[in-house]
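Atoms within a ligand are numbered from 1 in the order they appear, just like the ligands themselves.
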Amino acid sequence: MARDRVLIVGAGPVGLVAATYLASEGIPVTVFELSRELPEDLRASTFHPPTLDMLDRFGVADACIAQGLICPEWQFRDRQEGPIVTFNLAVLANDTRHPYRLQCEQWKLTRLLRAKLEAAGTEFIYGASATAVEQDDDGVTLTVTMPDGVNETHRGRYLIGADGARSTVRKSLGVAFDGMTIPEIYLSMSTPHSFSDDIGGLSNIAYISDPEEWAVLLRTPTLWRVLLPTDPSQPEDVIKQADAIEARLQKLNPIDGNYEIAHCTAYRVHERVAEHYVQGRVFLAGDAAHLNNPLGGMGMNGGIHDAMNLAEKLSDVWKGAPLDTMERYERQRRKVAVETVQMQALRNRKVLNERDPAARRAHHDSLRATVRDPAKHREYLLQSSMIQSLRDLDTVA
Ligand SMILES: O=C(O)CCc1cccc(O)c1
């Protein structure tokens, strides 16, 4: 007999949001995490308005807001021309309870959710490296290798793979993950240096276009994050060399003295969507199901939206709805990944590094016209804040 529970692989925001939803419905959950502790590194830090609205359900939105930075504005700038437009999320006041972007490190959310789950008696198994998933008519069997090298098997009624881009769950199901790798390496850094002290009128979130080297500047409660595209033919250790980083930051924003670098990573970026999100009793969510470039901060948010949609339907299934209810999860959320998130992320990258001066000018003019017109301004922000994609879900059978 299957142990009567849902197994969740991955204790990132996606896995823990799904776990919290299910636990709040009285459904027993076991969470498996590869690391020995919840990771505290700097990953996603942007929370869009509807994600905060969702987190309200668990009583954690206010605690994230208290630990984060409320950003009602974000900017599009150009390295040569300076500010092009400033979007103001206050125009969404009637569309969301949180008309702003919140900059808050994702680990603050996972800590809050874990505390809630632990208080509710949810089982966490750390250091568990998932190696295989099998299923039969009664349930699923997850095999994990523990830090001492011992293999364990765990049974459950259903399994959620929220185990990230290299998802073992997805691989174990043999689900294709087609798409492409972007021909750039992204160099992501953080520094305590305050860019807004040097650059007049700089918003806390700024996308800066340039035909040679676009940039993103993003402020978190304690640091500024900088994202730069990098030639992929260079080895990672060369890209991350201190003097190379210093030269690039000085070119972006010259200062006296050197930049202090708190954190630096270089990563390859993929645009991929899993062929299936649902295979019998096993479901994929977040990066395990879809990957896109980070421009626009849609990765973690989209993953949390997956987790809410999935958990709501799985909760119905647990209470007696047919298993094929889950197929609609795939139809709805896969469509969002392909038709909205991926398209938007690719467009964001294209406009940042547009080389044709006429096309660049046309884009800047179109942004200015959008911000000038209140209806267009709101419509643009409904899209970029991921509200519209949630509203459109109802149109999917
Ligand atoms: O657009 C966003 O919200 C995230 C873009 C970004 C900024 C800084 C570092 C990084 O890895 C991504």
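- In the hydrophobic clustering of this structure, Y277 does not group with V140; members are Ile, Leu, Val, Met, Phe, Trp, Tyr whose side-chain heavy atoms approach within less than 4.5 Å, directly or through other members.
- Residues in residues 51-69 take part in these salt bridge (Lys or Arg N to Asp or Glu O under 4.0 Å) pairs, two or more places apart or across chains: E25-R57, D56-R97.
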For ligand 1, list all ligand N or O to protein N or O distances below 3.5 Å, rounded to 0.1 Å.
residue, atom, partner, partner atom, Å
ligand 1, 1 (O), Y207, OH, 2.5
ligand 1, 1 (O), P294, O, 3.4
ligand 1, 1 (O), G296, N, 2.9
ligand 1, 1 (O), G297, N, 3.2
ligand 1, 3 (O), T46, OG1, 2.9
ligand 1, 3 (O), R101, NH2, 2.8
ligand 1, 11 (O), S188, OG, 3.2
ligand 1, 11 (O), Y267, OH, 2.8

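- Aromatic ring orientation, F87 versus Y380: parallel (interplanar angle below 30°, classes split at 30° and 60°).
- Think of L228 as one node in a network of Ile, Leu, Val, Met, Phe, Trp and Tyr side chains linked at under 4.5 Å; its network also takes in I185, L187, M189, F195, I199, L202, I208, L217, W224, V226, I239, I245, L249, L252, I255, Y259, I261.
- Shown are T181, D178, N292; of these, the side chain to side chain donor-acceptor pair (under 3.5 Å) with R272 is made only by T181.
- The stretch residues 375-390 participates, sequence neighbours left out, in these salt bridge (Lys or Arg N to Asp or Glu O under 4.0 Å) pairs: D95-R378.
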